Amino acid sequence: MPPETRARTFPKVVIMRDTDSEQSSSDDEQEEEHILEQEEDEQVVSKVKDEEASTSTKRKNERVPITISLKKKCKVCKGTGHEAGFKGATYIDCPMKPCFLCKMPGHTTMSCPHKVATEHGVVPAHRKHSNSSLGYVFERQLKSHIPAVSSILLYLTLIKPEFVIPDQVNCAVIRYHSRRVTCLEFHPTNNNILLSGDKKGQLGIWDFEKIHEKTVYENIHGCILNNMKFNPANDGTVYGASSDGTVSCTDLETGISLSLMNLNPDGWQGPTTWKMLYGMDINTERGVALIADNFGYLHMVDMRSNQVIGEPILVHKKGSKVVGLHCNPLQPDLLMSCGNDHFARLWDMRQLKAGSSLCNLAHKRVVNSAYFSPQSGSKILTTCQDNRIRVWDSIFGNLDSPSREIVHSHDFNRHLTPFRAEWDPKDPSESLVVIGRYISENYNGAALHPVDFIDISTGQLLAEVMDPNITTISPVNKIHPRDDILATGSSRSIFIWRPKDHFETAEPMEENKIVICGGTPGKKQKSKFGESDDDSDNDKFTKKSKKAKSKKPYSKSASSSYKK
DNA sequence: AAGTTATGGCTCC
DNA sequence: TGGAGCCCCTAACT
């Protein structure tokens, strides 16, 4: 499928704004004065209009002293002469602050070299070939697992497959959850089932083919469901790690849940003692669930006996949150953790004790996620709050510094679920990655937050998918393990995306399927999504859009923009 | 319909 | 090492 070029409309707008803001922000004093004068003029005209039109001629001469107090004041730096904030759908940065995107001083987001980048800013690798301790420990074992795979992978990396980007919303459940979505997981064997967790601790199960088949289990956790994982031995149950300090094992059919671990048996004793669980993964070989808390500790639960194993192990700075755990897909004894101490760390499960990490990957800020590549397990992908995605091309190479740093806007507002770059598990070249974008784009006058597809071998932005109906930020994304499907969690809603092809080749003008759930309809969503809100009451949870017309926004134009 | 709130991390002392 | 105060693109509620 030939890649499309990006719609020209909004970069144009951006560039014009860009020029404006550049002038006002970076010119020398002389010019600045001139600009201020202009601004004052504008202000005065309106002021004069408002006040006394009759004396306007007389006032004209007194303009300068009056208007000084009317100068634009920046709400960010409180300085004068410029203003930060939205101008329509375009956000104008405060020029006194470092770039909001790349964090470097001297320019704003608008003029950032990493913005509107077909190639995001990429720091190239220094390719030293030193052997890490990890190499010694795991290389032989791991490599013996994948001799054929690795050579094929090398080949495929050189000859990249055509990426298939799910760029159009196929169906959605609006206001499905009562709080923002925190995690998504596709069912390991049933292609149509998507699980979702939310900030309240609820677990949603949705069959997105039979879109009305959806359930929410409300009583499994008391607050944020941070991570979910399926038990490979039994895909009828799912494990959950929650900020309520418990690990759950839930039967998907019945919703009956076991609590495998409770770190707060004595209830609430204040914030200094309350334990929360974040990172989680399953070590299949050992039959254990690994869970990490907000005090820096790793816990283990035996999945057969449902008993806690051993004592918690300090894996990150004491008192810091461990937000991510991942077992290597080919060598489950190789574990990676990441957290608020600005590190991602590699561990050997066979000798797991405080301070015994094989390797520590330094980051500038909190690491939201750290994943091994899904097929060979030999690459590492991390998402850090310094607005950079980091890639290590080989765990056997030099791990002192990443192979690439890709600048990408995901430095998140505290009220959002942390962004995590996620691999496409189907991509044999292990280079396609999806991540939601925090910063908005002016898209035909609307500020939208796209979901980005990035080629992490080059840093290239392959596609940015968006939909005029999704006005909220989409921090949670997951690519289907077998189908060309993207699932997005945005605020309380969930969206399923498929490639344009799907709509063209499927039965003509396939109906888009939108289910609107209960709760007070948000203003925005009401107008954007509903044909009307009326009949949502009869079918207290569900609603289906009836006409292709009403889904116009979904059917063309706005969904995607490819870059070559 | 402006104001409120839930919140996390960073910086500064 | 701990707490107060700050913070730039939230979203949903009153």
Side-chain angles (χ1 to χ4, degrees), chain A residues 14 17 21 25 73-79 82-103 105 107-110 112 115 174-182 198-201 222-224 226 243 270-272 274 276 278 294-296 316-323 339-342 363-368 384-387 408-419 436-443 446-450 466 470-476 489-493 517-529:
Chain A
V14 165
R17 301 271 193 197
S21 75
S25 61
K73 191 170 177 186
C74 175
K75 65 176 182 186
V76 174
C77 73
K78 318 292 192 264
H82 64 273
E83 275 180 310
F86 274 104
K87 286 250 156 63
T90 308
Y91 192 91
I92 309 297
D93 278 359
C94 170
M96 309 309 282
K97 295 271 181 171
C99 172
F100 188 61
L101 176 57
C102 76
K103 312 297 180 197
H107 64 271
T108 62
T109 306
M110 286 305 197
C112 178
K115 171 127 164 80
I174 307 303
R175 277 177 261 122
Y176 182 28
H177 284 272
S178 55
R179 290 285 181 269
R180 52 163 225 249
V181 171
T182 53
D198 74 16
K199 200 180 146 246
K200 232 181 164 182
C223 59
I224 316 180
N226 289 304
S243 287
T272 51
W274 184 259
M276 302 189 264
Y278 285 85
N294 60 328
F295 286 87
H316 279 261
K317 184 181 170 187
K318 199 166 191 173
S320 76
K321 205 190 272 181
V322 183
V323 292
N340 281 24
D341 65 354
H342 302 191
H363 291 68
K364 297 242 170 60
R365 284 182 61 195
V366 167
V367 188
N368 291 345
C384 176
Q385 289 184 17
D386 69 354
N387 268 357
H408 179 265
S409 172
H410 52 258
D411 174 19
F412 69 107
N413 179 298
R414 62 173 169 245
H415 308 110
L416 299 175
T417 303
F419 290 81
R437 197 191 303 173
Y438 181 50
I439 207 164
S440 61
E441 289 287 356
N442 181 343
Y443 187 80
L448 300 179
H449 308 265
M466 65 190 94
I470 307 176
T471 55
T472 47
I473 293 169
S474 306
V476 192
S490 190
S491 187
R492 299 157 55 184
S493 306
C517 293
T520 316
K523 238 195 272 172
K524 275 183 197 164
Q525 290 180 331
K526 188 178 184 177
S527 61
K528 301 267 182 182
F529 280 96

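We name chains A, B, ... by the order of the sequence lines, and we start the count at 1 in each one. Just so you know, these numbers use all the heavy atoms, side chains as well, and skip hydrogens, waters and symmetry mates. The shown structure was predicted, so the numbers you read here are calculated from the model rather than taken from an experiment.
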Taking the nucleotide of DNA chain C with the closest heavy atom to each, which residue, A:K78 or A:L416, is nearer the 5' end?
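Nearer the 5' end of the strand: A:K78.
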Contact nearer the 5' end of DNA chain C, comparing A:T272 with A:C94:
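Comparing both residues, the 5'-ward one is A:T272.
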Could you give the [atom1]-to-[atom2] distance, from [X] to [N], as a whole number of Å?
| X | N | atom1 | atom2 | value |
| --- | --- | --- | --- | --- |
| A:I92 | C:dC8 | CD1 | C1' | 13 Å |
| A:K317 | C:dG2 | NZ | C1' | 12 Å |
| A:N368 | B:dC10 | CG | C1' | 15 Å |
| A:K75 | C:dC8 | NZ | C1' | 8 Å |
| A:D386 | B:dC10 | CG | C1' | 14 Å |
| A:D341 | B:dC10 | CG | P | 11 Å |
| A:K97 | C:dC9 | NZ | C1' | 14 Å |
| A:M96 | C:dC8 | CE | P | 14 Å |

Atom C1', compared across B:dT7 and C:dC13: separation rounded to whole Å
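Rounded to whole Å, the distance is 15 Å.
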Phosphate OP1/OP2 of [N]: any [X] side-chain N/O under 4.0 Å:
| X | N | answer |
| --- | --- | --- |
| A:N413 | C:dC9 | yes |
| A:R492 | C:dC13 | yes |
| A:S491 | C:dA12 | yes |

Using a 4.0 Å heavy-atom cut-off across all strands, classify [X] as base, sugar-phosphate, or nothing.
| X | result |
| --- | --- |
| A:P475 | nothing |
| A:R179 | nothing |
| A:Y438 | sugar-phosphate |

Give every pair of a protein N or O atom and an N or O atom of nucleotides 3-7 of chain B that lie under 3.5 Å apart, one pair per line with the distance.
residue	atom	partner	partner atom	Å
B:dA6	N6	A:H415	NE2	3.2
B:dA6	N1	A:H415	NE2	3.3
B:dT7	O2	A:R414	NE	2.4
B:dT7	O2	A:H415	NE2	2.6

Out of [options], which nucleotide sits closest to the side chain of [X]?
| X | options | result |
| --- | --- | --- |
| A:H342 | C:dC8, B:dC10, C:dT10 | B:dC10 |
| A:K321 | C:dT10, B:dG8, B:dC10 | B:dG8 |
| A:R365 | C:dT10, C:dC8, B:dC10 | B:dC10 |
| A:V76 | C:dC9, C:dA11, C:dC8 | C:dC8 |
| A:I473 | C:dA11, B:dG9, C:dC9 | C:dA11 |

Given the rule in the side chain to side chain contact (heavy atoms under 4.5 Å, CB included) test, do A:T109 and A:C99 qualify, once you have shown the distances and angles that lead to the verdict?
CA-CA 5 Å; A:T109 306; A:C99 172; 4.2 Å; yes
Using side chain to side chain contact (heavy atoms under 4.5 Å, CB included), reason through A:F419 and A:I473 one step at a time and then give a plain yes or no.
CA-CA 10 Å; A:F419 290 81; A:I473 293 169; 3.4 Å; yes
Within 45° of the six-membered ring axis of A:F100 and under 6.0 Å from that ring's centre, is NZ or CZ of A:K103 located there?
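Positive - A:K103 is close enough to the ring of A:F100 and near enough to its axis.
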Among A:R179, A:R492, A:H415, which residue satisfies the side-chain contact (heavy atoms from CB on, under 4.5 Å) criterion with A:K199?
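Testing each of A:R179, A:R492, A:H415 against A:K199, the sole residue satisfying side-chain contact (heavy atoms from CB on, under 4.5 Å) is A:R179.
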Please determine whether side chain to side chain contact (heavy atoms under 4.5 Å, CB included) holds for the pair A:N226 and A:Y278, giving the CA-CA distance in whole Å, both sets of side-chain angles, and the decisive distance to 0.1 Å.
CA-CA 5 Å; A:N226 289 304; A:Y278 285 85; 3.5 Å; yes
Under 5.5 Å between ring centres and under 30° between planes: does that hold for A:F100 against the base of C:dC8?
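According to the criterion (under 5.5 Å, under 30°), yes, A:F100 stacks.
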Check: A:V181 main-chain N/O paired with A:T417 side-chain donor or acceptor under 3.5 Å:
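Checked: pair present.
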4.5 Å side-chain heavy-atom contact, A:I470 and A:L448
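A:I470 vs A:L448: side chains apart.
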Test side chain to side chain contact (heavy atoms under 4.5 Å, CB included) on A:M276 and A:C223; report intermediate values, then the result.
CA-CA 10 Å; A:M276 302 189 264; A:C223 59; 5.9 Å; no
